[in-house]
Structure formats: C-alpha cells, structure tokens
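One structure is given here, and the rest of the page talks about it.
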There are 2 protein chains.
Amino acid sequence: MPKVVDPDARRREVVDALFRVVVRDGLQRTSLRAVAGEAGLNIGSLRHYFASQQELMDFAMQSMLDGLTDRLLRHVEHIGELSRHPPAERLRLAAGLLAELLPLDERRRAEVTVFLDFNAAARTNPAFKDLSDQAAAGARRLVRRVLTRLDESGTLRPGRDLDIETERLTALLDGLGLGAVRNPDVLSPQMCTAVLAAHLGDLAGEG
Amino acid sequence: MPKVVDPDARRREVVDALFRVVVRDGLQRTSLRAVAGEAGLNIGSLRHYFASQQELMDFAMQSMLDGLTDRLLRHVEHIGELSRHPPAERLRLAAGLLAELLPLDERRRAEVTVFLDFNAAARTNPAFKDLSDQAAAGARRLVRRVLTRLDESGTLRPGRDLDIETERLTALLDGLGLGAVRNPDVLSPQMCTAVLAAHLGDLAGEG
DNA sequence: CGTTTTCTATCACAGGCGTGACACAAAACA
DNA sequence: TGTTTTGTGTCACGCCTGTGATAGAAAACG
C-alpha cells in the first residue's frame with residue numbers, strides 16, 4: 001500500500017522544479033515562490049519539506065552533484081581497465097567520459113547551466129562555497145585521473161607535465177561548457193566533441 | 001578654470017564604484033543604493049547621471065569593453081608585423097596579447113570577474129544579451145586573428161583546422177579565467193601563463 | 001542682477017523577497 | 001475510537017528594491 005505522499009519523492013520533485021526555474025529564469029530569479037509555483041505547490045507546503053531557502057539550495061546542489069558523480073562512476077566502471085582496450089580506442093573512451101561534463105544533450109545542458117549559475121553565486125555567497133569548491137576539486141581529480149591513466153597506458157606523448165595538462169584540460173572543459181551554454185549556435189555539441197577530440201589527439205601526439 | 005563638477009568624470013567615478021561593488025558583492029547585490037554608497041553619492045545624485053538602473057549597467061559594461069578593446073588595439077599595434085619578429089619570439093608575443101584576457105593582475109582580475117557576472121546575467125536577462133554576444137564574438141575574432149597570423153607566418157604546425165582551434169583556444173581562455181577567478185590559489189597567474197604557453201607550444205608542434 | 005539649468009537630497013509608493021506564526025485538514029498510529 | 005504526527009494553506013511582518021515626484025541648493029548664463 002503506497003503512502004499518500006512520499007516525502008523523498010516530493011523533495012525530488014521540488015528540486016526538479018527548482019532546476020527548471022534556474023535554467024529558465026536564472027538563479028537570481030529563483031525564489032521560493034517561483035519554485036513552489038513551478039512545482040504546483042503552495043509555498044507553505046514547500047516550506048514543510050525545506051525549512052529555509054538555504055536548505056533547499058544546498059539540497060538541490062548536492063542532488064545534482066550526487067547524480068553527476070553516480071553517472072561518472074558508472075561510466076568509469078563501464079570502461080574498466082583502460083589497457084585492455086586497443087590503443088586506438090582509448091582516446092575515444094576518455095573523450096566519452098569527459099564529455100559527461102559537457103552540455104551535449106538537454107540533460108547535461110541543464111546540469112551545466114545550473115552549475116554555472118551556482119558557481120557564479122558561490123563567489124560571493126559563502127553558503128555555496130563549500131559545495132562549489134568540492135565540485136571544482138572533483139572535476140580536477142577526474143581530469144587528472146583520466147590523464148594519468150592515458151599516460152600510464154602509453155597513450156600520451158611522453159614528457160608531459162601532468163600538473164599543467166590537468167589545468168589545461170579542466171579549463172578547456174569549463175570553457176566549452178560556458179561557451180556552449182552561452183552560444184549554442186556557435187559552439188554546438190558537434191563542435192564541442194570535435195574540440196575535445198582534437199585536444200586529446202594533440203596530447204597523444206598524433207601527426 | 002575647472003568646472004565644479006565634470007559630468008563625464010562623475011559617470012566614470014560611478015562606474016568605478018559599480019565595478020568595486022560587483023567584484024566585492026556580486027552583480028546580484030549590486031543595487032543602485034549600494035553603488036551610490038560606494039561612490040559616496042546620494043542615490044538622488046546618482047539618478048541624475050543615470051536615469052535608470054539599466055542605463056547604468058549598459059554604460060558600465062560598455063565602458064569595460066571599450067577599455068579592454070583599447071588595450072588590445074594598443075597591444076596589437078605595439079607588436080606590429082608578426083613576421084618581423086624572430087620565430088622564437090612569436091609564440092611569446094601571441095601569449096602576451098591573449099593574456100590580456102586572463103586575470104593575471106588586479107586590474108584584469110576585476111575585469112574578468114565583472115565580465116563573468118555580466119555574462120551569467122545575460123543568459124536570462126535580455127537587456128545584457130547584445131553586449132554579451134558582442135563581447136564573445138570579439139574574443140573569438142581576436143583568437144582567430146592571432147591563430148591566423150601565427151599560421152601565415154609559418155609558426156604553427158601545418159594542417160590545423162582553424163575553426164576548431166579557434167574554439168579550442170577561446171574555450172581554454174574562458175576556462176582559465178573562470179578557474180582563476182574561482183580558485184586563485186590553484187590556478188595562479190603563473191599557472192595560467194604556463195598553461196597558455198603549453199597550449200601555444202603544442203599548436204606550434206614543438207617536440 | 002535675475003533667470004535658467006544643473007545638481008543634490010529626501011520622501012513615498014508598489015512590488016518582491018524570506019520567514020515566523022497559526023489554523024486546519026489529513027493521514028498515521030495506538 | 002481518540003491522539004499524534006504530518007501535510008496544507010493563509011496571513012502578516014520587516015526588509016530591500018527601482019522609481020516617480022518634488023523641493024531646495026548651487027552653478028551657469030544673459
């Protein structure tokens with residue numbers, strides 16, 4: 001017998017509504033009333049599930065990061081040991097994994113969009129700083145891990161400075177996300193993947 | 001005999017105050033009252049020089065872009081014809097020019113910070129869209145121009161796709177700016193220049 | 001000088017915000 | 001059943017926002 005209301009499901013619905021509002025109107029205009037309206041709830045009800053605005057924001061941001069982390073872990077697991085793949089495939093696999101961070105479809109586009117707004121707010125809103133820093137560190141770790149695996153499997157041109165290359169690839173991904181969200185017509189998904197492939201190809205020293 | 005008040009100077013002072021508020025508190029918290037307070041003016045006075053908030057924002061954004069454009073033009077002029085420099089110098093000159101877009105000192109840091117906030121707002125605020133698009137197009141044009149010059153002077157490894165390389169370098173610069181503003185400790189000015197140098201070196205096909 | 005424009009300063013208004021308080025319905029429980 | 005917990009809806013308060021209106025001082029002008 002299903003409960004009449006499932007609190008966890010409700011919270012997820014509210015977070016989904018919040019994401020839609022942030023994507024559509026921006027974080028600045030994402031008020032409790034707007035989220036409640038989008039979720040089809042009364043503001044009083046919403047406040048029963050989230051005691052304060054800050055609690056809602058934290059939960060939403062954390063939910064997004066958790067979802068992304070799960071997806072990345074599943075992707076990493078699906079790839080398995082990199083050296084068991086033919087060398088020609090390795091760059092493609094790495095690109096596919098890193099592309100989880102790029103706005104290539106509606107889902108990832110929404111993620112990146114929300115993420116950019118949260119990060120912008122985190123610069124001056126201490127309440128978001130921890131989660132934002134944690135996310136940035138996670139992205140950096142993932143990129144470094146990918147580069148390390150590629151290097152260990154002999155796929156990269158030797159002599160690379162991994163510190164620099166990590167920052168370079170991380171910045172490239174950030175920039176592609178920013179550009180693709182801002183100018184989807186110029187920086188299309190195809191262009192994003194082409195740029196990423198070109199970069200990894202360069203690192204491998206093809207040519 | 002100096003006028004008692006110079007309207008143009010006043011407007012510049014107000015814009016400077018606005019920049020300080022945006023950098024310190026974020027664009028979201030940059031209200032007319034906050035700017036007036038920062039400039040040491042009464043809000044009534046401020047409104048005498050800027051009829052509306054939108055007018056102030058537009059003027060401020062345009063001022064920043066004008067200043068940046070001037071600086072870039074002066075830098076380009078200072079470099080002169082690229083092929084008149086020794087090949088070993090060309091990458092360094094290009095890096096120096098592109099570094100005008102990176103937050104390497106307080107001035108550029110403020111510029112990039114304000115710019116990021118404006119761009120984030122432009123996504124959902126139509127009033128900022130034109131200037132934001134114009135700025136993005138300008139950056140893209142500059143990058144393409146630099147890459148074209150390097151290519152024509154034989155400094156780049158032949159066979160590059162300039163469309164892709166323009167997007168790649170533009171995204172890299174955007175990402176470096178974003179990262180350096182967000183995590184100055186990780187992405188220090190030295191690291192930024194190192195990453196940029198590494199990228200241009202790669203394009204040249206050193207090694 | 002007087003007149004006119006420019007500048008400064010203040011008040012009030014409507015609108016949106018987060019949030020505390022509270023009443024009431026509905027479900028869960030004993 | 002009655003009691004308790006959970007969920008829903010509404011009100012009001014204080015705060016901040018941009019902006020219109022307006023009065024008065026200061027400077028510029030003829």
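In what follows, chains carry the letters A, B, and so on, assigned in the order in which the sequence lines appear, proteins first and then strands, with residues in each chain numbered from 1.
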Under a 4.0 Å N-O cut-off, is there an ion pair linking Arg160(B) with Asp202(A)? yes
Can you tell me the distance, in whole Å, between the CZ atom of Arg11(B) and the P atom of dT6(C)? 14 Å
Does the distance from a Lys or Arg side-chain N to an Asp or Glu carboxylate O, for Arg74(B) and Glu77(B), drop under 4.0 Å? no
Does dG9(D) have its OP1 or OP2 closer than 4.0 Å to a side-chain nitrogen or oxygen of Ser45(A)? yes
Check the phosphate of dC17(C) against Arg29(A), side-chain N and O only, distance under 4.0 Å to OP1 or OP2. Yes or no? no
Write down the distance between CD (Glu55(A)) and P (dT19(C)), rounded to a whole number of angstrom. 10 Å
Within the side chain of Arg182(A), is there an N or O that forms a donor-acceptor pair under 3.5 Å with the backbone of Asp133(B)? no
Picking from dG7(D), dG18(D), dT19(D), the nucleotide nearest the side-chain atoms of Tyr49(A) would be dG7(D)
When the nearest nucleotide of DNA chain C is assigned to Gly44(A) and to Thr30(A) on a heavy-atom basis, which residue is associated with the more 5' position? Thr30(A)
Spacing of Leu56(B) atom CG relative to dT19(D) atom P, expressed in whole Å: 10 Å
At less than 3.5 Å, do the side-chain atoms of Arg33(A) and the base atoms of dG18(C) form a donor-acceptor pair? yes
Strictly below 4.0 Å: does Arg47(A) bring a side-chain N or O up to OP1 or OP2 of dT8(D)? no
So which nucleotide from dT6(D), dT19(C), dT19(D) ends up closest to the side chain of Gln53(B)? dT19(D)
Interatomic distance where CG belongs to Leu46(A) and C1' belongs to dG20(C) [whole Å]: 16 Å
Could you state the CG-P distance from Leu32(B) to dC11(C), rounded to the nearest angstrom? 18 Å
To the nearest angstrom, the CG-P distance between Asp6(A) and dA27(C) comes to 15 Å
Could you give the CG-to-P distance, from Leu41(A) to dT8(D), as a whole number of Å? 7 Å
Residue whose nearest DNA chain D nucleotide is more 5′ - Ile43(A) or Ala34(B): Ile43(A)
Under 3.5 Å, is there a donor-acceptor pair linking the side chains of Thr124(A) and Asp25(B)? no
Taking dT17(D), dA21(C), dT8(D) as options, the one with an atom nearest any side-chain atom of His48(A) is dT8(D)
Less than 4.0 Å between a side-chain N and a carboxylate O, is that true for Glu111(A) and Arg108(A)? no
Please report, rounded to the nearest Å, how far the C1' atom of dT17(D) is from the CG atom of Leu27(B). 14 Å
I want to verify a distance call: between dT8(C), dT8(D), dT17(D), whose nearest atom is closest to the Arg10(A) side chain? dT8(D)
